[in-house]
*Asks:* 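Encoded as structure tokens, here's the structure I'll be asking about.
The figures here come from the full heavy-atom set of this structure, side chains too, leaving out hydrogens, waters and symmetry mates. Just so we're on the same page: letters track the sequence lines, and every chain starts at 1.
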Amino acid sequence: MGNSSSSSGRNHQDEAVDFGSLSPQWFTGPRDWNQAVVSQLICQRKLAPFYRPLEEFDSSWDDDQILAARKEPVDATGEAGAVEAGARIEAASANPPRPGHSRRPNSIKEPVKPEAAIYRNAVECPICFLYYPPNINHSRCCDQAICTECFVQIKRNEPTTTHLVSEPAACPYCVQDNFGVVYTAPPWRAGIGSEGSPFPWSDAPKASPSDTRVGQLTHKRRQKSFSHDSPDVVTTDQIRPDWEAKLAAVRAAVARRANRRIIMRQVGDRLIPVGVTSGRVHAIGEEGQTEGDNGGRRSRRRHQQPQQGFDQLLGTMGIAGQDLEELMIMEAMRLSLIEHEDQQRKEAEEKRKKEAEEAAQNRDTPEAGTSSLDVPSAHDEASAPSSSSTSNLASFTSTSSQPAATPISSSRTGSPSPSPSRANLLSSNGDASRPNPPPFSTLNAALTTTAAAAAVLGASSAPGAGSVGSSVNGITNVPTFQVDNAPTPAPDASSSSLDPHASNEPLPSSPDTDEHQFAKLTISGNQASNPE
Amino acid sequence: MASISSRRLAKELNEIHAQGCPVGIELKQADDFVTWRFSIEVMGESLYKGEKHLLQFRFDPSYPISSPAVQFVVEDGREAPIHPHVYSNGHICASILGNEWSPVLSVVAVCVTLQSMLASCKKKERPVDNDRYVKNAPDNPKKTRFHYDGPYLFLRYLPATATRD
């Protein structure tokens, strides 16, 4: 009888380790740790199982009081095992295996309930203030108790686009880096991995098992700390092995954003955002190279799916409208633009006229300064004479450490080589960018380093904005407003962006130096009129 | 079932009721596990002698893993103490409320820390970037990522992520 119940008991406990669970008992937040790793560590007895905690504990309690004090496990979403495992333990332990022994005399006097006995000398977790069996994890550094439930919640700070580093989680008690815990399993085993090991309370009445065996579990303060790379230590990184990938993803997103440009078109005295370029360097580089000076500029737009890009841009503008800091940056850029306008307007005007004449001769497309708002597509590019459009392109590159305008997800369908990870990057961009508007340092950067900037503010609410991307092709004077969001400035961006007279230089090969020639300011709007 | 933050706060509250607050700190409001308020007063000789300020805690469900949002109340004629780490909107630049928060800290521990922050103040003045910060500050100080360096910790701030997860 005893043997059979023993084996069946083990089957019942296949989700349980030492009367604890493999999954959390009260934590209801997102389980963003690697549950498989955690389960394995629990089974290896390197991490305490998730025990049902006691709300309170008094050493005078009997078994029934202890069991009654146990917190009901939460029915976590998709993790129904928690409740069942607990129930299984009870079912199994209600009939503890006592091979070859009559349970009658002892069970009356001392009804050993292992699932209660494990709570003898219960320990309060200093973080959640709940009580756990004394076989609890201890911090590797300062030997403080911490329950597994709290341990799995401690993690690195998520990297953000403004904070591109990820420091290891620090010990909540002594603030030492590389937080990790050490677990000393009880001398007995139950549930998973208990094959062959003696059952803790299997009929040793004479030795008073709960006193001797459980008593051994009382934690002896250890003298030395463990190194974080000790094999006995479980670190927060171990149960979140994806932290490096996350960091890399954020960095990649920022790098992408660094190469992204907002393209503005001049309409009257305003700049209208018409889209966003690719963040992928190679695509721009290839295309820009083959087209020569003028073609290089246009090639940025070639990748656009104008309508989509603009929709997204509008969305971004909406965000910007809500975000004061972004507004401030844009305003700063606008002021910067005005500042430089005087110097540049004259030259730009002359050039524009000249070019417009050429353009008019060369093709039947609307002339510069018309109110059409659409985006030239790649087809225009091919058909438009390249020389005519050069001088009217204005681009401004601000090398700020943060996106001056929130990164715009450029979902250009025509992209020749869509990067497989784009969706991820875009979504992470979106997530990261909204809550992380540019810092003030960006404002400084914008003020000091931006040679000229466009009235993005005004553009966002430009009356004609809705028609952008409609039909007309081959606009010749399309100022290109390029915002370099690179936290790590692109090689040439800082220098080239500041030089408004750098136009007509040979097209450099890198996309960043490519900007160089764009620094032709064609904004001829009156300075006094605020775009907004 | 109540979240763990409520459990823990209930225990902290029990402890406050049982043992009382440290000198100079009084529990003013703890009707729920969302917002608590304490009055805080620096005892003994200090620049803040005779001043009593109201400190507000806001908790989210991930407390104590994530820090509470702590600030001085500046409504109803109340003012934040004038201190180089306290903005006029009540926001406090203290590392333990930000990146040095530890779940081992408690509400009372925060109160005591801030009390001693005031007590050790040498000169009553606002943070140098007070006006700029207050103008654009988010409602929840936790959304500000303060930059802590040295005695003047607020030369720069970065808007932090909107929510902690």
Side-chain angles (χ1 to χ4, degrees), chain A residues 24-30 32 53 55-56 71-75 124-130 139 142 144 146 149-155 157-163 167 170-175 179 323-328 401-402 431-432 434-444, chain B residues 1-16 18 33 60-67 95-96 98-109 128-129 131-140 142-147 154-165:
Chain A
Q25 300 295 292
W26 54 258
F27 178 67
T28 53
D32 54 0
E55 299 278 0
E56 299 291 339
K71 205 171 164 63
E72 284 303 314
V74 295
D75 194 4
E124 184 183 33
C125 171
I127 293 178
C128 61
F129 288 8
L130 297 167
S139 60
C142 53
Q144 293 290 311
I146 181 172
E149 208 110 348
C150 286
F151 173 69
V152 296
Q153 295 180 59
I154 294 177
K155 57 186 173 186
N157 285 327
E158 299 275 337
T160 68
T161 50
T162 57
H163 196 66
E167 287 110 12
C171 171
Y173 306 106
C174 70
V175 203
F179 181 53
D323 192 292
L324 204 47
E325 287 210 44
E326 281 190 17
L327 289 182
M328 292 178 68
S401 63
Q402 286 307 313
D431 293 346
R434 295 186 179 212
N436 291 293
F440 268 117
S441 59
T442 306
L443 178 56
N444 292 333
Chain B
M1 118 179 285
S3 70
I4 194 63
S5 67
S6 305
R7 297 281 176 181
R8 159 132 175 186
L9 287 169
K11 291 197 175 187
E12 288 193 38
L13 195 57
N14 285 342
E15 210 156 290
I16 289 170
F33 298 126
D60 62 45
S62 53
Y63 177 84
I65 296 293
S66 82
S67 63
S95 56
I96 63 154
N99 60 358
E100 283 178 25
W101 165 257
S102 162
V104 181
L105 294 169
S106 66
V107 172
V108 168
V128 290
D129 63 343
D131 291 348
R132 193 178 69 182
Y133 173 72
V134 170
K135 211 164 113 189
N136 304 309
D139 169 62
N140 187 332
K142 282 182 72 179
K143 292 181 180 168
T144 300
R145 179 177 295 159
F146 290 100
H147 184 64
F154 31 75
L155 299 175
R156 172 174 72 99
Y157 79 94
L158 304 173
T161 51
T163 53
R164 293 191 173 206
D165 35 18

*Asks:* Hey, could you give me the CD1/OG distance between A/Ile127 and B/Ser106, rounded to the nearest 0.5 Å?
*Replies:*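 That separation rounds to 12.5 Å.
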
*Asks:* Rounded to the nearest 0.5 Å, how far does CZ of A/Phe129 lie from CD of B/Glu12?
*Replies:*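 Rounded to the nearest 0.5 Å, the CD-CZ separation comes out at 5.0 Å.
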
*Asks:* Taking all heavy atoms of B/Lys11 and all of A/Glu55, pick out the closest pair and write down the distance.
*Replies:*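 Looking at all heavy atoms of both residues, the shortest contact is NZ-O, 2.6 Å.
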
*Asks:* Which value, rounded to the nearest 0.5 Å, describes the distance between A/Leu130 atom CG and B/Arg8 atom CZ?
*Replies:*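 Output value for this atom pair is 10.5 Å.
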
*Asks:* How close do B/Ile65 and A/Cys150 get, counting heavy atoms only, and between which atoms?
*Replies:*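 Scanning both residues, the minimum pair turns out to be CD1-O, 4.2 Å.
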
